[in-house]
Amino acid sequence: MVYNFKKIEKKWQKEWEKSKIFEVKEDSKKKKYYVLDMFPYPSGEGLHIGHAFTFSLGDIYARFKRMQGYNVLYPVGYDSLGLPAENAAIKAKEHPLDYTKRSMKNFMKQEKAMGWSYDWSRVVASHDPEFYKWDQWIFLKMFEKGIAYRKKAPVNWCRKCDTVLANEQVTDGKCWRHEDTDVEIKHLEQWFFKITDYADELLEGLDKIDWPDNAKKRQRNWIGKSHGVEIDFEINNEKWGIFTTRPDTIYGVTFMVVSAQHARLDELVTDEKKKDVDKFLKKLKSVSEKELGDMEKEGVFTGSYAINPVNGEKIPVYAGNFVLADYGSGMVMAVPAHDQRDFEFAKKYSIPIKVVINPAEYDLDADKISRAYTADGRLINSSDPRKSKISGATKSKTAPTRRDGEDFDGFDNWNSREAIEGISDFLEKKKFGKRVVQFKLRDWLISRQRYWGTPIPIIYCDDCGIVPVSEKDLPIELPKNVKFGKGNPLETNKKFVEVKCPKCGGKGRRETDTMDTFANSSWYYLRYADPKNSKKIFDEKKANYWAPIDQYIGGPEHITMHLIYVRFYTKFLRDLGLLKFDEPALKYFTQGIVHAADGSRMSKSKGNIIEPLDMIKKYGADTLRLALVSFASPDKDTNWDEKIVLGNHKFLNKVWDYFSDLKNINGKVDLKVESKLNKTIKEVTGYVDKFKHNLAIIRLRELFDCFDKIDKKTAEKFLIMLHVYCPFITEELWNKIGNKGFISQAKWPKFDEKKIDEKFEKAEKESDGLVGDINNLLRIMEEKKQKVEKVYVYVLPNEVDNYFAEELSKRSHTEVVVYSVADKDKYDPEGKSKKAKPGKPGIYLE
RNA sequence: GCGGGGAUGCCGGAGCGGUCAAACGGGCUAGGCUUAGGACCUAGUGGCUUAGUGCCUACGAGAGUUCAAAUCUUUCUCCCCGCACCA
């Protein structure tokens, strides 16, 4: 019988839809399990192979947990707001709303074709005002708590997107969506979320969750906590704080560098240097951010001098292109002898280099070193010359001692590591500075000057200033009637923009910026718990029943964006008292990326895209699913190869043929098969749980290969295990072999350790060995041109059951006779039976 | 520069201290089955050897730990990825 996958897959899609078996309710008696794939953006192109892969992983897991008896929430939705949709719509000369609706419909159709077992009653879409209303609600709460705030800041601007970007959306100085477009820096007033308030918690929370190490490390790196000291340097009779992690080098500071973008740079520039500085700044503006990264360290003297608090030295202040304006205080103390960047700068501008740390083995010579010495060592030149004069400090070479108070005379001979602490103590004691913690993480810039996003619920009033929209007026809906072209389309709708001030009733102007699309994906997982609630963002009982996500699945590209934001939102909503947990996802699986056959990225421009739909048409969704996850370990990157699909299709054909013939499953329980079955259940259960689907499928194939005539229970258990990978064909066969209902609702099989008997496997191995031996002998005889008619095998009496003449004959293509060594009537003209050893029967050829 | 991952047979990929010449798939070879088959079944697929044996060489390169290493340590080479002037 032909395996008509098209018919079968269509049939079961309908059956599942009709029966609604994947819809779930809260059930206090059942243990819940929440499986979630990352919120997809519904592109007009439909599903790509990456979707097919990652969502299949989710579906496999959801089906697995469901069969194991959990109350499984496995929802789907659409991250339908956002720049890509707007851009695609403009390109197609279509309204984003129409484009989005069409894309979503197309997506749903394809998702159903893949056999993903979503609870379709819970679909959410972020472009739905009933959804983004709650974005706005959260915004208002954040505004209330001071988490959402407005400030002027140097921001990343993409000309092509026509909007600002978050730091996370800039890669190599280029826009994350336009690899060919350099990001420009503009100074604009923008909305920010104060994610940095949660920096410490975001860091510590990582210890509590079961995520891949790699993901955790990347987040830690991104958050970038470092301990250091903020030291006050006096410039023009005013104190300027600078951040350093190396207070041990403070005696080696020979100049200061302030960021060229520093807001208060003007105050440092003296009149006679103004021209120079302006020239320098102008030059910087003409280069893009990207080139700035590659550029040599450059700077210009501002004319001002700073006083080093520890030794009273007067040092020049430069403006430089390599100092970040928004990290630390935007100014650094430069120690050329012990920092490579400072070293290069000092060399370029002939600034003195002062060694204050020597390696253990030798002394550095400031005039001769070719690069900064950044390792640990022993401090020199690290005392206050003003004090030394008074006290006539002895230059002892003895072990350093900790000095307190007035008799302090420096840190010479201290170990630099200890000096970090010692000098920090000293600075704090003298009130020259204080210990501080710095993060690389910046506040999240969420303003976007584009149309297809959540409107920010704020009104500007000349009299009242920034006024939040009141909660009862939510949602602020996106007007459909806008003109696309230059600038923010929302500004073209007067009715939207011109509003009354909610406070004074006077003339107000509505904020036309929309929110970053990542806002939506930061809390959508909670809305699934209660998707239709029109009164509240979600019912807290429901949210706390289903959430947090037990198993989250998605690509590595989201580790530093979405996965940070969603953690931040979760903590914020917890602080509002809505959630009883701190982390959105307890477990996270990062799948590998499927590349094109040649290892390059799949992209439309390269024309190397594999369409899942094509594969479904050619081989069926079951085959595609099986192929995608059996190819390699799912956490590894792979290169696509259609041969894999072909091989899996063959396998499913065999499965189909085998189970279609009911005679095959009318057999009796066979101990050998039973042992193998139980062992397979044991292993496959473990593999599925750990996403090692490639290995699980191998085990299933091996089990299938050992089937001859089997009993119905065995058949069922095999089908159930295969079902998580191939839901359609197994559903059909489940019915075919006489079961009512859905295999989707069957119970995952349990294994019985007692039924696993390694002797069968051993016997099988020995039997394989014997076949090998026989064939080997036959080959040798053939080479010697000796004809062999019959093969006689002499088996030790206790092993007689392990060898079957029929099987051996078949596999060696020669008639085989099996004797027990103990058989008195055996035919054994050359006494080969004496050679029989355990697991190794004697052989005689004739 | 920092951080992560990788290098295994003709190929994709398992294995991560002994049970490894190395799962499973693909390819190829031989045979069978067939009107035919790119379908299916069986066997083989590092080298040398042999009535079923045994030996040698192999898991990017070198060194080491160990009774024992593809598997552990270390150095090196190459590849991929993430962050990147974070003081």
Side-chain angles (χ1 to χ4, degrees), chain A residues 168 171-173 212-218 220-222 224-226 228 242-246 249 257 259 292-297 320-324 326-335 338-342 344-345 374 438-442 556-557 559-560 592-593 595 597 599 627 630-633 635-644 646-648 650-651 653-654 657 692 694-695 697-702 705 762 765 768-784 786 788 791 793 807 809-813 830 832 835 840-845:
Chain A
E168 288 81 350
T171 314
D172 270 345
D213 276 348
N214 182 20
K216 290 191 187 184
K217 276 183 185 146
R218 276 176 63 186
R220 283 200 186 97
N221 191 243
W222 189 264
K225 184 177 186 173
S226 50
I242 60 94
F243 175 73
T244 182
T245 54
R246 292 293 304 273
T249 62
V257 188
S259 168
L292 211 66
D294 298 338
M295 234 166 63
E296 209 179 318
K297 322 252 168 293
N321 65 353
F322 67 98
V323 176
L324 298 174
D326 55 354
Y327 182 78
S329 53
M331 194 183 329
V332 297
M333 62 177 216
V335 187
H338 305 293
D339 181 285
Q340 187 58 23
R341 289 159 306 187
D342 300 346
E344 286 168 30
F345 193 90
T374 54
Q438 280 288 339
F439 292 95
K440 285 195 215 173
L441 184 73
R442 313 296 155 82
E557 67 275 20
I559 291 170
T560 49
I593 295 168
H595 296 291
S630 66
F631 192 0
S633 183
D635 60 343
K636 292 215 165 129
D637 291 358
T638 47
N639 298 345
W640 177 257
D641 186 348
E642 195 163 331
K643 282 195 196 115
I644 302 292
L646 221 65
N648 284 102
K650 272 192 202 169
F651 172 64
N653 261 300
K654 279 191 250 177
D657 286 343
K692 300 234 172 225
N694 53 329
L695 300 178
I697 289 160
I698 285 168
R699 291 286 108 85
L700 288 175
R701 290 178 91 122
E702 285 171 348
D705 281 345
K762 209 176 140 220
K765 242 185 210 155
D768 280 350
L770 180 61
V771 170
D773 287 347
I774 292 172
N775 280 310
N776 195 198
L777 285 177
L778 288 172
R779 206 196 66 241
I780 291 166
M781 295 309 263
E782 197 184 338
E783 274 163 17
K784 290 190 173 169
Q786 285 182 306
V788 175
V791 179
V793 173
E807 187 201 342
S809 302
K810 202 175 151 200
R811 291 174 68 180
S812 61
H813 311 297
E830 292 191 10
K832 294 283 186 193
K835 292 189 89 174
K840 212 159 177 43
I843 303 169
Y844 172 63
L845 305 187

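Every chain is numbered from 1, with letters handed out A, B, ... down the list of sequences.
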Could you write nucleotides 4-18 of chain B as a row of B, S and -, 5' to 3', where a protein heavy atom under 4.0 Å of any base atom gives B, of only sugar-phosphate atoms gives S, and otherwise -? S-------SSSS---

Upstream residue (5' side of RNA chain B) when A/Phe439 and A/Met781 are each assigned their closest nucleotide: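 Checking each residue's closest nucleotide, the 5'-ward one belongs to A/Met781.
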
Of A/Asp773 and A/Arg218, the one whose closest nucleotide on RNA chain B sits nearer the 5' end is A/Asp773

Applying a 4.0 Å non-hydrogen cut-off, can you work out what [X] is touching in the nucleic acid: base, sugar-phosphate, or nothing?
| X | value |
| --- | --- |
| A/Leu845 | base |
| A/Glu702 | sugar-phosphate |
| A/Lys840 | base |
| A/Ile780 | base |
| A/Val323 | base |
| A/Ser226 | sugar-phosphate |
| A/Arg779 | base |
| A/Gly228 | nothing |
| A/Pro841 | base |

Roughly how many Å is it from [atom1] in [X] to [atom2] in [N], rounded to a whole number?
| X | N | atom1 | atom2 | result |
| --- | --- | --- | --- | --- |
| A/Asp768 | B/rC20 | CG | P | 13 Å |
| A/Leu777 | B/rG44 | CG | P | 13 Å |
| A/Glu807 | B/rG32 | CD | C1' | 16 Å |
| A/His595 | B/rC79 | NE2 | C1' | 12 Å |
| A/Glu783 | B/rA51 | CD | P | 10 Å |
| A/Ile697 | B/rG26 | CD1 | C1' | 16 Å |
| A/Trp640 | B/rG26 | CH2 | C1' | 14 Å |
| A/Asn321 | B/rA87 | CG | C1' | 14 Å |

Any [X] side-chain heavy atom under 4.5 Å of [Y] side chain:
| X | Y | result |
| --- | --- | --- |
| A/Leu778 | A/Asn775 | yes |
| A/Asp773 | A/Lys840 | yes |
| A/Asn694 | A/Phe631 | no |
| A/Ile774 | A/Arg811 | no |
| A/Lys810 | A/Val771 | no |

Determine the interatomic distance between [atom1] on [N] and the same-named atom on [M]; round to the nearest Å.
| N | M | atom1 | answer |
| --- | --- | --- | --- |
| B/rC85 | B/rG12 | P | 37 Å |
| B/rG13 | B/rA23 | C1' | 10 Å |
| B/rC55 | B/rC10 | P | 24 Å |
| B/rG47 | B/rC83 | P | 46 Å |
| B/rC48 | B/rA43 | P | 24 Å |
| B/rG18 | B/rA63 | P | 24 Å |
| B/rC20 | B/rA69 | C1' | 11 Å |
| B/rA70 | B/rU8 | P | 15 Å |

Any ion pair linking A/Asp342 and A/Lys297 (charged N to carboxylate O, less than 4.0 Å)?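 Answer for the salt bridge query: no.
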
Heavy-atom count around A/Lys225 NZ within 6.0 Å, excluding the residue itself: above 12?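 Count over threshold, so yes.
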
A quick test of your reading: do over 12 heavy atoms of other residues, nucleotides or ligands sit less than 6.0 Å from CD of A/Glu782?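 For A/Glu782, atom CD is not crowded (no more than 12 foreign heavy atoms under 6.0 Å).
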
Look at the side chain of A/Trp222 and decide which nucleotide, out of B/rA84, B/rG25, B/rA43, has an atom nearest to it.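 Looking only at side-chain atoms, A/Trp222 lies closest to B/rA84.
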
Which nucleotide, B/rA43, B/rA51, B/rA39, lies nearest any side-chain atom of A/Lys650?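 In terms of side-chain proximity for A/Lys650, the closest of B/rA43, B/rA51, B/rA39 is B/rA39.
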
Just say parallel, tilted or perpendicular for the rings of A/Phe345 and A/Phe322, cut-offs at 30° and 60°. tilted

Can you run through RNA chain B from 5' to 3' and write each base as (, ), [, ], | or . depending on how it pairs? Watson-Crick or G-U wobble, both distances under 3.5 Å. ((((((((.[[[..)..(.....]]]((((((.......))))))(((.....)))...[[[[[..)....]]]]])))))))....

Does the salt bridge (charged side-chain N to carboxylate O under 4.0 Å, His left out) test come out yes or no for A/Asp326 and A/Arg442, once each step is laid out? CA-CA 8 Å; A/Asp326 55 354; A/Arg442 313 296 155 82; 2.9 Å; yes

Is the distance from OP1 or OP2 of B/rC41 to the nearest side-chain N or O of A/Lys654 less than 4.0 Å? yes

Distance below 4.0 Å between A/Tyr327 side-chain N/O and B/rA87 OP1 or OP2: yes

With A/Gln786, which residues qualify under side chain to side chain donor-acceptor pair (under 3.5 Å), at least two apart?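 Partners of A/Gln786 by the side chain to side chain donor-acceptor pair (under 3.5 Å) criterion come out as none, since no residue qualifies.
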
Separation of A/Ile559 CD1 from A/Asn221 CG (nearest 0.5 Å):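 Those atoms lie 11.5 Å apart.
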
